[in-house]
Undergrad: 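Sharing a structure, written as structure tokens. Questions coming.
Heavy-atom basis, side chains included; hydrogens, waters and symmetry copies ignored. Along the sequence shown, residues carry numbers from 1.
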Amino acid sequence: FEALEAGNSTFLAVYSAVWDLVKMTEPSQLAVYKKRVAEAAAKLPEAKQQQAASTVAELFRDAAKVKPKFAVVVGDKLYKQLKRKRKEAMADSKLKICPTLKKTTRLAEKAAFAGTAAGISDVVRGMIVAKSMAGVDAVLEMLLELEAEGLIKIVRLKDRFCALPSGGGWRDLMANITIVGDDTNH
């Protein structure tokens, strides 16, 4: 337990130092990001998005159905447009789409805890790793553009850069989206 606690405090110190460096070296871009994330969050529905599926089996089925569409929208639309339109901000960025769905054992744990699978929102997932706040802001800006185009709907944003980081100090912007036109609303 002591080794785990020491490891956690070391990671927290490293993440905190990196965040302090970001705040010192990118203050103007951080301000742009803060404004955009606040404006985007203000437009979100107040109620948390619920899945149409209430069981793990239905949720897994719906996720498997939408996963290819997610790969097209996130890979072909979002990421390729980012690399084309915001070359400098997205330099050295990486797109990682999880090749598998979240494991059913983890889905069952979450569903058992909540009493339903309807609130689980990360069965199909991916991430874009950006090297700067300009890159993070570019991703959010492009998500908003895709929403304006009617391709996606942003249903949740969790800003762990400027709000609370994760318990271990990790900072990111998490966006839950649905693909417009997907009948499962996943």
Undergrad: Please identify each residue that fulfils side-chain contact (heavy atoms from CB on, under 4.5 Å) with V72, with sequence neighbours left out.
TA: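 Testing V72 for side-chain contact (heavy atoms from CB on, under 4.5 Å), a comparison that skips the adjacent residues, returns D76.
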Undergrad: Could you name each residue pair satisfying salt bridge (charged side-chain N to carboxylate O under 4.0 Å, His left out) that touches residues 42-59, not counting sequence neighbours?
TA: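 Every pair satisfying salt bridge (charged side-chain N to carboxylate O under 4.0 Å, His left out) with a residue in residues 42-59: there are none.
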Undergrad: Applying side-chain contact (heavy atoms from CB on, under 4.5 Å), can you list everything that pairs with M127, at least two apart in sequence or on another chain?
TA: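 Applying side-chain contact (heavy atoms from CB on, under 4.5 Å) to M127 gives K96, V129.
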Undergrad: Kindly write out the residues that satisfy side chain to side chain donor-acceptor pair (under 3.5 Å) with S93, not counting sequence neighbours, or none if the list is empty.
TA: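 Only Y79 meet the side chain to side chain donor-acceptor pair (under 3.5 Å) criterion with S93.
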Undergrad: Show me, pair by pair, the donor-acceptor contacts under 3.5 angstrom made by side chains of residues 104-116, not counting sequence neighbours?
TA:
unit_1	atom_1	unit_2	atom_2	d
R106	NH1	E109	OE1	3.1
K110	NZ	D122	OD1	3.1
K110	NZ	D122	OD2	3.3
T116	OG1	S54	O	3.4
T116	OG1	A118	N	3.1

Undergrad: Could you tell me if the side chain of I97 sits less than 4.5 Å from the side chain of K67, heavy atoms only?
TA: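 Answer yes - side chains close enough.
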Undergrad: Supply the atom-to-atom distance L144 CG to E147 CD, rounded to the nearest 0.5 angstrom.
TA: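 It comes to 6.5 Å.
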Undergrad: Scan residues 161-170 for pairs that pass salt bridge (charged side-chain N to carboxylate O under 4.0 Å, His left out), counting only residues two or more places apart or in two chains.
TA: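 Matches after skipping sequence neighbours: none remain.
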Undergrad: With distance as the sole test, does R160 use its side chain to make a donor-acceptor pair with the main-chain N or O of R171 at under 3.5 Å?
TA: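 Side chain of R160 to backbone of R171: no pair is present.
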Undergrad: Kindly write out the residues that satisfy side-chain contact (heavy atoms from CB on, under 4.5 Å) with T178, not counting sequence neighbours, or none if the list is empty.
TA: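 Once residues adjacent in sequence are excluded, the partners of T178 under the side-chain contact (heavy atoms from CB on, under 4.5 Å) criterion are Q49, K153, V155, N185.
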Undergrad: First locate atom CD1 of I177, then atom CG of L157, and finally report the distance between them rounded to the nearest 0.5 Å.
TA: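 Separation between the atoms: 11.0 Å.
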Undergrad: Not counting sequence neighbours, which residues clear salt bridge (Lys or Arg N to Asp or Glu O under 4.0 Å) with K83? List them please.
TA: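 If we apply the salt bridge (Lys or Arg N to Asp or Glu O under 4.0 Å) test to K83, skipping adjacent residues, there are no hits.
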Undergrad: Sort and list the pairs that fulfil salt bridge (charged side-chain N to carboxylate O under 4.0 Å, His left out) and have at least one residue in residues 9-18, not counting sequence neighbours.
TA: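 Found none.
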Undergrad: Please examine the side chains of V22 and F161, heavy atoms only from C-beta on, and report whether any two atoms are closer than 4.5 Å.
TA: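 They are not in contact (no side-chain heavy atoms under 4.5 Å apart), so the answer is no.
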Undergrad: Give me the atom names and distance for the closest heavy-atom approach of A64 to P68.
TA: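 In this case the closest contact between A64 and P68 is O-CD, 3.5 Å.
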Undergrad: Apply the test salt bridge (charged side-chain N to carboxylate O under 4.0 Å, His left out) to residues D183 and K65: give CA-CA distance (whole Å), side-chain angles for both, the deciding distance (0.1 Å), then the verdict.
TA: CA-CA 10 Å; D183 61 341; K65 184 176 176 184; 2.9 Å; yes
Undergrad: Roughly how far, to the nearest 0.5 Å, is the CG atom of L101 from the CZ atom of F60?
TA: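 The CZ atom of F60 sits 4.5 Å away from the CG atom of L101.
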Undergrad: How far apart are the closest heavy atoms of A63 and V124, and which atoms are they?
TA: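 Looks like O-CG2, 3.5 Å.
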Undergrad: Could you tell me which residues satisfy side chain to side chain donor-acceptor pair (under 3.5 Å) with D92, sequence neighbours excluded, listed by chain and number?
TA: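 Not a single residue meets the side chain to side chain donor-acceptor pair (under 3.5 Å) criterion with D92.
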Undergrad: Taking atom CG of L82 and atom CE of M142, what is their separation to the nearest 0.5 Å?
TA: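 So the CG of L82 and the CE of M142 are separated by 4.5 Å.
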Undergrad: S132 and Q29: side-chain contact (heavy atoms from CB on, under 4.5 Å), yes or no, with the steps?
TA: CA-CA 9 Å; S132 67; Q29 196 53 53; over 6 Å; no
Undergrad: Counting only heavy atoms not in K102 (residues, nucleotides, ligands), do more than 12 fall under 6.0 Å from its NZ?
TA: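 Yes, the 6.0 Å shell around NZ holds more than 12 heavy atoms from other groups.
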Undergrad: Are Y15 and L30 linked, directly or through intermediate hydrophobic residues, by side-chain heavy-atom contacts shorter than 4.5 Å (ILVMFWY only)?
TA: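 Cluster IDs for L30 and Y15 differ.
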Undergrad: Check the pair L140, L173 against side-chain contact (heavy atoms from CB on, under 4.5 Å), reporting the backbone distance first and the verdict last.
TA: CA-CA 9 Å; L140 178 56; L173 172 67; 4.1 Å; yes
Undergrad: Any idea which heavy atoms bring E26 and A134 closest together, and the distance?
TA: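 The answer is OE1-N, 3.8 Å.
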Undergrad: Is it the case that one hydrophobic cluster holds both L78 and L95, taking links as side-chain heavy atoms less than 4.5 Å apart, direct or via other members?
TA: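 Yes.
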Undergrad: Any link between W19 and V139 through a network of hydrophobic side chains (Ile, Leu, Val, Met, Phe, Trp, Tyr) touching at under 4.5 Å?
TA: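 Yes, W19 and V139 fall within the same hydrophobic cluster.
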Undergrad: If you count the non-hydrogen atoms of other residues, nucleotides and ligands that lie under 6.0 Å from CG in L21, is the total more than 12?
TA: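 Enclosed: over 12 neighbouring heavy atoms sit under 6.0 Å from CG of L21.
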Undergrad: Between CZ of F11 and OG of S166, what distance do you get to the nearest 0.5 Å?
TA: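 If I round to the nearest 0.5 Å, the distance is 11.0 Å.
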Undergrad: Look up atom CD1 in I128 and atom CG in L143, then write down how far apart they are to the nearest 0.5 Å.
TA: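 Answer for the CD1-CG pair, I128 versus L143, is 7.0 Å.
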Undergrad: Could you tell me whether K131 atom NZ has more than 12 heavy atoms of other residues or ligands within 6.0 Å of it?
TA: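 It does not: K131 NZ has 12 such atoms or fewer within range.
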Undergrad: Suppose we screen for side-chain contact (heavy atoms from CB on, under 4.5 Å). Which residues come up paired with D182, at least two apart in sequence or across chains?
TA: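 Partners of D182 under the side-chain contact (heavy atoms from CB on, under 4.5 Å) test: V66, K69, I179, T184, H186.
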Undergrad: Which atoms form the tightest heavy-atom contact between G150 and V180, and what is the distance?
TA: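 Result for this residue pair: O-CB, 3.2 Å.
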Undergrad: Pairs of donor and acceptor atoms involving the side chains of residues 84-91, under 3.5 Å and at least two apart or interchain, shall be tabulated with distances.
TA:
unit_1	atom_1	unit_2	atom_2	d
K85	NZ	E145	OE1	3.2
R86	NH1	E141	OE1	2.2

Undergrad: Report yes or no: does Q51 contribute a side-chain atom to a donor-acceptor pair with the main-chain N or O of L59 at less than 3.5 Å?
TA: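 Such a contact is absent between Q51 side chain and L59 backbone.
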